[in-house]
Amino acid sequence: MYVHVFKVGLVTAINGYDFARKGALLMAGTILSGVPAFAQTAPVATSTPAPVRNPVAGASNGVTPVAAPVSVTTIKTLRVEGSQRIEPETVLSYTKLRVGVPYTAETLDQALKDLQASDLFADYSISGVADGNIVLRVRENPIINRVIIEGNKALKTDKITKEIKLAPRQIFTRTAVRQDIARIIELYRRQGRFAAVIDPKMVNLDQNRVDVVFEVSEGPKSKVRQINILGNEVFSDDQIRGQMATKQSRLFRLLSSATSYDQDRLSYDQQKLRQFYLTQGYADFRVTSAVAELTPDKKDFIITYVVEEGKRYKFGDVTVDSQIRDFDNTKLAASLPLKKGDWYNAKLVEDSVDNLSQTAGLFGYAFTEVNPEFAKDAETLTMGINFNIAEAKRTYVERIEINGNTQTQDKVVRREIRLAEGDAFNSFQVKRSQDRINSLGYFQDKMEIKQLPGSAPDRVILETNLEEKSTGELQLSAGYSSLERFIIQANITQRNFRGKGQELRAGVNYSSYSKSIELGFTEPYLFDKNIAIGGDIFRRDYNSFSFNGNDRQTNYSQVSTGFQLRAGVPLTEFWSLSARYGLSYDEVSLDNQFLNPNGSCNFLAAGRYLCEAIGNRWTSSVGYSLIRDTLNSRLRPTAGSRFSFSQDFAGLGGDVKYIRTRFEGSKYANLGSGFIGSIIAEGGYIHPLQSSTGPGVDPVRITDRFYLGEPQFRGFDIRGVGPRVLRAPYINNADGTQTVQTSRDQIQDDALGGRAYYLARAEIEIPLGSGARELGLRPSIYAQVGSLFGIKKPLPTAEFPFTLDNNGNKVFQPLPARDAANNILYNNVFTAAGATSPSIRQTTCQTGYSATPGATGASCVGTETNTVIPGTAPFQETFLGNSAKPRLSVGIGVNWNSPFGPLRIDLAKALLTQKGDDPKLITFNVGTQF
């Protein structure tokens, strides 16, 4: 067994050692600066006469000529020795040696070169030169058993194996190894790892097989330490650097991938610089040189650009020359965004070409060529432009091809396409079809409908190439929410059920304050007609709570069981109308702490407003929604708007009667450079259709009202905005005076909801580098304004008796304790017969004592004056927050698709509040949908 150790410029042959399988080395020492050649070795000669051998020390070395014989000799016999898999005739076919043919030294040298060029043999030699009995001795290259990649972390093994050529059951060659090393090095260079080292090794196996091992030392990423700009006078270095995709490595760019050196990005940055200057009017700008130098420590790069800015130009005459008779050249030129006298801007020229192409597409011309012709005048520094629109024929859709949908039925995609085969081509309808297909959420993002030439010049083929993604979602999660404490969720959704576009969903949610189970189904196209129907059945258990200090206590429980049926039809391309009917049974009950022993509501503990909410009732409602939707995506919109107006009428039977009106509106826009801006507004009002049940009682029950706060209104706690009752206890001081508790942590806070609200939010989503995007991070900054109001002021729960202190101020006293029959309870002091000390007993007698307290006709015996037993401690009730005045908050938040479920963290500061509002600086939610 031969074990070969190869190094650049050195040949070593070791005979007679049987090394362990893992110890065999093929080559070592490949580094970034170059790929070394593999030395060619041969067994050491042990017989005489010495055969002609291949002296190649590497792939780059030539073959040493064979010593010429004394005279030209004819080949008498010719045979091959050492071949195993390859037939001798095949070996001979690679050379020009044949029996009966004369040979010379040059002939034999060429034969060796031919064997070397075949890449089939590890060693080869020629013997029998003297007498013409030629023997070709060969040792075949081994067969690769497997290719192993070790030490790679930044690049996955499957990504490397896709790039390299070596593979199991192929013939091993040194050339292929060198080429694969170069490919792996290039992969790491693209990642900015210029210090990567690849150490290839070979492990010899039996039956002339080998394992090829690439040991990878990845090294750190090479960063861009500095970007120097030379020759710039108009714009500063920072302004120019800001236009580049490559960024200087700084601490605040720790998560950014733009700080890694990338040679391809260097070329891209030169294009970006030219685009920037061309948009500023510098038509003669050019980058004269761009040099990237490795720092002395060989860790980072310093990039230097030398630029020539040139003169600044303005637009000259702007004209349109259309060969299509349908167009008016003067009107087209007037509609373009560039005007004579404005600074030259190449981006406006590109936009003008797109606008003219889209205009032609709206009239049915699919393949219109728009060529801008430039007339640069260096003396006047003007750039005249003539847009030449070539003659074209009106185009019709020949056919629509849908490819790549393995699960989704063709009709699901075709019904979203706003053109049919035979229709006149319309670029707007193509774009709209593209947006509708992307909004389905069944396919990979950014799908585009291609326009291909048809069988005739006036025919176009619309090709839709789809790449399906998973539409089934199974979410099993546990999390913690600042709203609901611990949360357990189990939800299953199939948004493309049976490939028909139907949606089927089921969900179970459990937390400390809410529990629910829901089942739903939606058919978007009933009987292949553009009519959507759906339905839901549900049971929801919800516990309302208030804060007493930092402790949350349950106020009332609401259990709703019911169903809803839905139907919707489109009115136009962007307008749609939906209707619904719902029936639910609500059971509202108070927590035991607010009940009297007989089960009735203790209004002193709960408050009149909560006692009025208890009871069971049926709600039968019918409603509709009018919607206008131009969003380019329903999942993550970046452009377009959406508006909806909804009303629900409760009172079609049942016990509840009201009209609930709501509106919602949103507008999205791409602000450039990856920034997405949005403005979202909503509002609502509930008008009761039944009268109040008494003074201070709002006709809309507390369970039917709107509520506002976290998570809709960031910067405020759950239900932290709007009407509320604060119950603050009185504090008795040592000097006989009395004060009201002012610490919010010691005050009971009951949110009452409102009959009207409004809420608006302006938000900008901030783009991040590819590394942060891969983590699923989406930060944003925002400002919100809103309010909740419109209910009747509730009556005070109780009026407490009072006395006056020395300064004439009121000192409130507790209410007397009462029995189940509402009789005042007193303490009667008496001394029992034979007792030496008095005892205390309860009685309903103000004077004396009755053995049958509370009984009809019972008489009080005795003359002693009894003292009232104190009951509910005095407190001050304050009704606050019932104001339409705006509340304002600003903040920053981030969404993260974490391995534990979606996470939302917000840091929001309430800048405008009303008395009684409950601000909150930091909120987070895990395991819930956003």
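Just so you know, these numbers use all the heavy atoms, side chains as well, and skip hydrogens, waters and symmetry mates. Computed from a predicted model, the values in this text were never measured in an experiment.
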Here's one to test your reading of the geometry: is the NZ or CZ of [X] within 45 degrees of the ring axis of [Y] and under 6.0 Å from its centre?
X: Arg660; Y: Phe706; value: yes
X: Arg628; Y: Phe643; value: no
X: Arg841; Y: Tyr849; value: yes

Can you tell me how far [atom2] of [Y] sits from [atom1] of [X], rounded to the nearest 0.5 angstrom?
X: Leu504; Y: Thr493; atom1: CG; atom2: OG1; answer: 8.5 Å
X: Asp704; Y: Ser621; atom1: CG; atom2: OG; answer: 10.0 Å
X: Asn822; Y: Thr844; atom1: CG; atom2: OG1; answer: 12.0 Å
X: Gln784; Y: Ser889; atom1: CD; atom2: OG; answer: 5.0 Å
X: Thr661; Y: Tyr685; atom1: OG1; atom2: OH; answer: 9.0 Å
X: Leu907; Y: Ile892; atom1: CG; atom2: CD1; answer: 8.0 Å

Whether [Y] and [X] form a salt bridge (side-chain N of Lys/Arg under 4.0 Å from carboxylate O of Asp/Glu) is what I want to check.
X: Glu763; Y: Arg714; result: yes
X: Asp717; Y: Arg719; result: no
X: Arg505; Y: Asp536; result: yes
X: Glu518; Y: Arg540; result: yes
X: Arg727; Y: Asp750; result: no
X: Lys810; Y: Asp805; result: no
X: Asp541; Y: Arg539; result: yes
X: Asp698; Y: Lys792; result: no

Backbone N/O of [Y] and side chain of [X]: donor-acceptor pair under 3.5 Å:
X: Thr619; Y: Val656; result: no
X: Arg617; Y: Tyr585; result: no
X: Tyr707; Y: Val721; result: no

Hey, are the side chains of [X] and [Y] touching, using non-hydrogen atoms and a 4.5 Å cut-off?
X: Asp918; Y: Phe716; result: no
X: Leu880; Y: Pro723; result: no
X: Ile702; Y: Leu752; result: yes
X: Ser620; Y: Tyr581; result: yes
X: Tyr624; Y: Gln647; result: yes
X: Ile791; Y: Asn882; result: yes
X: Val725; Y: Thr878; result: no
X: Arg755; Y: Pro699; result: yes

(Q) Test side chain to side chain contact (heavy atoms under 4.5 Å, CB included) on Gln876 and Tyr730; report intermediate values, then the result. (A) CA-CA 7 Å; Gln876 181 189 75; Tyr730 284 103; 3.7 Å; yes
Short side-chain donor-acceptor distance under 3.5 Å, [Y] and [X]:
X: Tyr782; Y: Asp906; result: yes
X: Glu864; Y: Asn828; result: yes
X: Tyr757; Y: Arg662; result: yes
X: Gln738; Y: Asn732; result: yes
X: Ser787; Y: Arg887; result: yes

Q) Thr797 and Glu877: side-chain hydrogen bond (donor to acceptor under 3.5 Å, both in side chains), yes or no, with the steps? A) CA-CA 8 Å; Thr797 299; Glu877 274 187 345; 2.5 Å; yes
Minimal non-hydrogen separation, [X] against [Y], with atom names:
X: Val811; Y: Gln813; answer: O-NE2, 3.2 Å
X: Gly848; Y: Thr843; answer: O-CG2, 4.0 Å
X: Gln741; Y: Ser743; answer: OE1-N, 3.1 Å
X: Ser780; Y: Glu765; answer: CB-CA, 4.0 Å
X: Asn616; Y: Glu587; answer: OD1-CA, 3.3 Å
X: Ala910; Y: Gly715; answer: CB-O, 3.8 Å

Q: May I ask you to check whether Phe645 and Phe663 place their ring centers less than 6.0 Å from one another?
A: no
**Q.** Ring centre gap for Phe800 and Phe875 strictly below 6.0 Å
**A.** yes
Q. Where do Leu689 and Phe649 land on the side chain to side chain contact (heavy atoms under 4.5 Å, CB included) test, with the steps shown first?
A. CA-CA 9 Å; Leu689 298 179; Phe649 302 87; 5.5 Å; no
Evaluate whether atom [atom1] of [X] has more than 12 neighbouring non-hydrogen atoms of other residues, nucleotides or ligands under 6.0 angstrom away.
X: Gln690; atom1: CD; value: yes
X: Phe802; atom1: CZ; value: no
X: Asp735; atom1: CG; value: yes

Q: Begin from the C-alpha positions of Arg580 and Ser625 and carry the test side-chain hydrogen bond (donor to acceptor under 3.5 Å, both in side chains) through to its verdict.
A: CA-CA 9 Å; Arg580 56 192 167 273; Ser625 294; 2.9 Å; yes
(Q) Checking Ser560 against Asp586 for the side-chain hydrogen bond (donor to acceptor under 3.5 Å, both in side chains) test, could you report, in this order, the C-alpha distance in whole Å, the side-chain angles of both residues, the deciding distance, and whether it holds? (A) CA-CA 5 Å; Ser560 298; Asp586 298 325; 2.5 Å; yes
Q. Hey, mind stepping through Thr847 and Asn866 against side chain to side chain contact (heavy atoms under 4.5 Å, CB included) and telling me if it holds?
A. CA-CA 6 Å; Thr847 302; Asn866 300 325; 5.6 Å; no
Q.
I'd like to know whether Ile824 forms a side chain to side chain contact (heavy atoms under 4.5 Å, CB included) with Val868, so could you lay out the CA-CA distance, the side-chain angles of the two residues, the decisive distance to 0.1 Å, and finally the verdict.
A. CA-CA 8 Å; Ile824 297 177; Val868 177; 4.2 Å; yes
